[in-house]
Amino acid sequence: MDPELDRVSRVLETAVEANQIPGAVALVRHRGETVFHEAIGHTASLPDSRPMQLDTLFDLASLTKPLVGATVALSMVDQGILSLDEEVTKFVPELKSLRGEGVTLRSLLSHTSGLAGWRPLYAWAQDPKGVLSAIDRMGLVTRPGTRSEYSDIGFVTLGLALQRAGDQPLDELAAELIFEELGLEHTGFRPSAPSDAFAVTELGNAFERRMAEWAGLEFDGWRTDFHPGEVNDGNAHYAMAGVSAHAGLFSNAADVGVLGEMWLGRAKPAVLSRAVMELATTDQTPHGSGRGLGWQLMRRRGSTLEELGRTQAGFFPPAETPWSPQASGELFSPAAFGHTGFTGTSIWIDPTRELVAVLLTNATHPSVDIDKPTNVLRAKFHNAVVASLDSATSRRETS
């Protein structure tokens, strides 16, 4: 490891010492080579403390959106199976309330579909058929294409449509189209590894339980223990049996780095065409909201609640939106794109710098605290990565 990257280690060590996170695994790939790969802290603090390992498996949470939902959809576009501007009801006609409203695959991928940001679908359904019925009853919150609203519900819908279009369960499609092609042996849904292989998330689903109770919704199936190897997200776990396009993917840092390299066009064989990747990483929103197809694009401001997709007006308790640095930090090039996950995960990719930065943490263990400065940590990590690589390059060029 280049000594310039010591500053990246210090950022992570400081976060663990300050109890901002129990632990982390970080990986940086630059110009096709792994230049940083480090594990720090612990996979859990309760009930037992275990040291973090380089190959620890993480619940990737919303990284599932670009790494599965978008990638499977775009692979089908490349193959001529789908067109982005087809209406989703072509594939899931059960959504009668959306028929003819212009809810396209493109709008689902860019979070402009008009569907709600989040709802506890498991309060009304515990299988895909029931989920479709619940989404149909829910209908649209806004007219499609008029506003960017980060939407778990949109990606749940997308995943169900992809299953119909591909005539296979989503986890099988992802394995066939992505993971097996890239030789990824530690990435997938509903992993069967022993419990001590995982970074542990929160105790039960206390965070979602508080939100559902505030909304006056009843659900009696809550987990009350730690659940390593089970997706933390309630809709993915309770309503979708662990497999969805919005959450449910597990992986380790090395495999996520390979997926990042794929989006730099380095995958062999190529999973996606350059044309479709370029499209996915350009702004697809009506007012320049910084959303591509499954990806968040580089911009200069953001907030914790926006990142979590918890800003759905009228459903959650009103609160001031806290200011927070953008997860990407400030030093990536304007071409950079990435995504974050509720459990404390993130990936950011910079084509200009030929850089993939993966930070996997168990920030929601042992409980969720949305006031924790997770985006601050991400920003510091990414800034340190870029600055370190620039310093190392400059030193080599002048030596």
What is the minimum heavy-atom distance between [X] and [Y], and which atoms define it?
X	Y	answer
Gly102	Pro144	O-CB, 3.7 Å
Gly260	Ile347	CA-CD1, 3.8 Å
Thr364	Thr201	OG1-CB, 3.6 Å
Ala327	Thr340	CB-CG2, 3.6 Å
Met138	Leu121	CE-CD2, 3.7 Å
Ser151	Leu115	OG-O, 3.9 Å

### Query
Run the side-chain contact (heavy atoms from CB on, under 4.5 Å) check on Ser62 and Tyr150 step by step: do they pass?
CA-CA 11 Å; Ser62 284; Tyr150 182 84; 3.1 Å; yes
### Query
Which is it for Gln53 and Thr43 under the side-chain contact (heavy atoms from CB on, under 4.5 Å) test, yes or no, and what are the steps along the way?
CA-CA 8 Å; Gln53 306 292 330; Thr43 60; 5.8 Å; no
Just by modelled atom types, is the [Y] backbone N or O under 3.5 Å from a matching donor or acceptor in the [X] side chain?
X	Y	answer
Thr64	Leu249	yes
Ser388	Glu4	yes
Asn362	His42	yes
Gln168	Leu173	no
Arg223	Asn232	yes
Asn383	Gly329	no
Asn252	Leu54	no
Arg378	Thr345	yes
Ser333	Ala335	yes
Asp350	Leu355	no

How many angstroms lie between atom [atom1] of [X] and atom [atom2] of [Y], to the nearest 0.5 angstrom?
X	Y	atom1	atom2	value
Thr282	Phe337	OG1	CZ	11.0 Å
Glu13	Arg10	CD	CZ	8.5 Å
Leu27	Leu360	CG	CG	8.5 Å
Leu12	Gln20	CG	CD	10.5 Å
Ser113	Arg147	OG	CZ	10.5 Å
Ser251	Leu60	OG	CG	5.5 Å

### Query
Given Arg190 and Val243, is the side-chain contact (heavy atoms from CB on, under 4.5 Å) satisfied, shown in steps?
CA-CA 7 Å; Arg190 297 185 293 205; Val243 180; 3.7 Å; yes
Give a yes or no on whether [X] and [Y] share a hydrophobic cluster (residues Ile, Leu, Val, Met, Phe, Trp, Tyr; joining criterion: side-chain heavy atoms under 4.5 Å apart).
X	Y	value
Leu57	Leu184	no
Leu203	Phe219	no
Leu359	Trp348	yes
Val276	Leu297	yes
Ile21	Leu46	no

Scan side-chain atoms only and decide if [X] and [Y] contain a donor-acceptor pair under the 3.5 Å cut-off.
X	Y	result
Asp233	His246	yes
His365	Ser45	yes
Glu149	Thr142	no

Note, [X] side chain near [Y] side chain (heavy atom, < 4.5 Å):
X	Y	result
Leu67	Ile178	no
Leu389	Arg353	no
Ser75	Gln79	yes
Val385	Phe36	no
His111	Lys65	yes
His237	Tyr122	no
Met76	Val72	yes
Glu202	Asn205	yes

### Task
Take atom CZ of Arg143 as the centre, draw a 6.0 Å sphere, and report whether it contains more than 12 heavy atoms from other residues, nucleotides or ligands.
no
### Task
Take atom CG of Asp167 as the centre, draw a 6.0 Å sphere, and report whether it contains more than 12 heavy atoms from other residues, nucleotides or ligands.
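Not more than 12 within 6.0 Å, no.
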Between [X] and [Y], does any side-chain N to carboxylate O distance fall below 4.0 Å?
X	Y	result
Glu354	Arg266	yes
Asp85	Arg106	yes
Asp196	Arg50	no
Glu213	Arg209	yes

### Message
Quick one, Gln284 with Thr112, criterion side-chain contact (heavy atoms from CB on, under 4.5 Å). Give me CA distance, side-chain angles, the key distance, then yes/no.
### Response
CA-CA 9 Å; Gln284 302 289 314; Thr112 59; over 6 Å; no
### Query
When the ring planes of Phe250 and Phe198 are compared, do they come out parallel, tilted or perpendicular, using 30° and 60° as the limits?
perpendicular
### Non-neighbouring partners of Gln126 that pass side-chain hydrogen bond (donor to acceptor under 3.5 Å, both in side chains), sequence neighbours left out
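Once residues adjacent in sequence are excluded, Gln126 has no partner under the side-chain hydrogen bond (donor to acceptor under 3.5 Å, both in side chains) criterion.
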### Query
Can the ring centres of Tyr238 and Trp222 be said to be less than 6.0 Å apart?
yes
